Amino acid sequence: MRLKELRKARGISQQKLAIDLNMNQNSISRYENGQREADYKTLIALADYFNVSVDYLLERTDNPAYIKE
């Protein structure tokens, strides 16, 4: 998952991201290190937060654009 890359590009700490999304910092760390997989609801929250598609977040595409129809 591109979570760490997106977070660092914005200069956001794991703690700040966790607070903003009402999550636990340990969960963010585990997502970034591949020790845990985000559920559907969390993936959507992360994609919305970074304004990218879920597919981009999951590295299914290199196009970060979220296309809303």
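Everything numeric here is computed off the predicted structure, so don't read it as measured data.
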Task: Atom of Ala65, atom of Ser53 and distance for their closest heavy-atom approach - done: O-CB, 3.7 Å

- [ ] Search all heavy atoms of Leu43 against all heavy atoms of Met1 and return the closest pair with its distance.
- [x]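 In this case the closest contact between Leu43 and Met1 is CD2-SD, 4.1 Å.
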
Working to the nearest 0.5 angstrom, can you tell me the gap between [X] [atom1] and [Y] [atom2]?
{"X": "Lys4", "Y": "Ser29", "atom1": "NZ", "atom2": "OG", "result": "8.5 Å"}
{"X": "Asp20", "Y": "Ile12", "atom1": "CG", "atom2": "CD1", "result": "7.0 Å"}
{"X": "Ile19", "Y": "Ser13", "atom1": "CD1", "atom2": "OG", "result": "7.0 Å"}
{"X": "Lys8", "Y": "Glu32", "atom1": "NZ", "atom2": "CD", "result": "8.0 Å"}
{"X": "Glu37", "Y": "Leu58", "atom1": "CD", "atom2": "CG", "result": "9.0 Å"}

Open item on the list: When you compare the side chains of Gln25 and Gln14, does any donor N or O come within less than 3.5 Å of an acceptor on the partner?
Closed with: yes

Open item on the list: Test your reading of the model: is there a side-chain donor-acceptor pair from Arg36 to the backbone of Ser27, 3.5 Å cut-off?
Closed with: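 The answer is no, because no donor-acceptor pair under 3.5 Å joins these two groups.
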
Task: Under 3.5 Å: donor-acceptor pair, side chain of Asn33, backbone of Gln35 - done: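 Not at all, since once roles are kept as given, no pair shorter than 3.5 Å links the two residues.
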
Task: Option among Leu57, Leu21, Ile44, Leu6 that satisfies the side-chain contact (heavy atoms from CB on, under 4.5 Å) test with Tyr49 - done: Leu21

TODO: Answer yes or no: is there a side-chain heavy-atom contact under 4.5 Å between Met23 and Thr42?
DONE: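 Yes, at least one pair of side-chain atoms sits under 4.5 Å.
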
- [ ] Decide yes or no for Arg2 and Asp62: does some side-chain heavy atom of the first lie under 4.5 Å from some side-chain heavy atom of the second?
- [x]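 Result yes, sub-4.5 Å side-chain heavy-atom pair found.
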
Task: Test log, rule side-chain contact (heavy atoms from CB on, under 4.5 Å), inputs Leu17 and Leu3 - done: CA-CA 10 Å; Leu17 179 59; Leu3 179 57; 3.8 Å; yes

Open item on the list: If you count every heavy atom of other residues, nucleotides or ligands that lies below 6.0 Å from Asn22 atom CG, does the total exceed 12?
Closed with: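 Open.
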
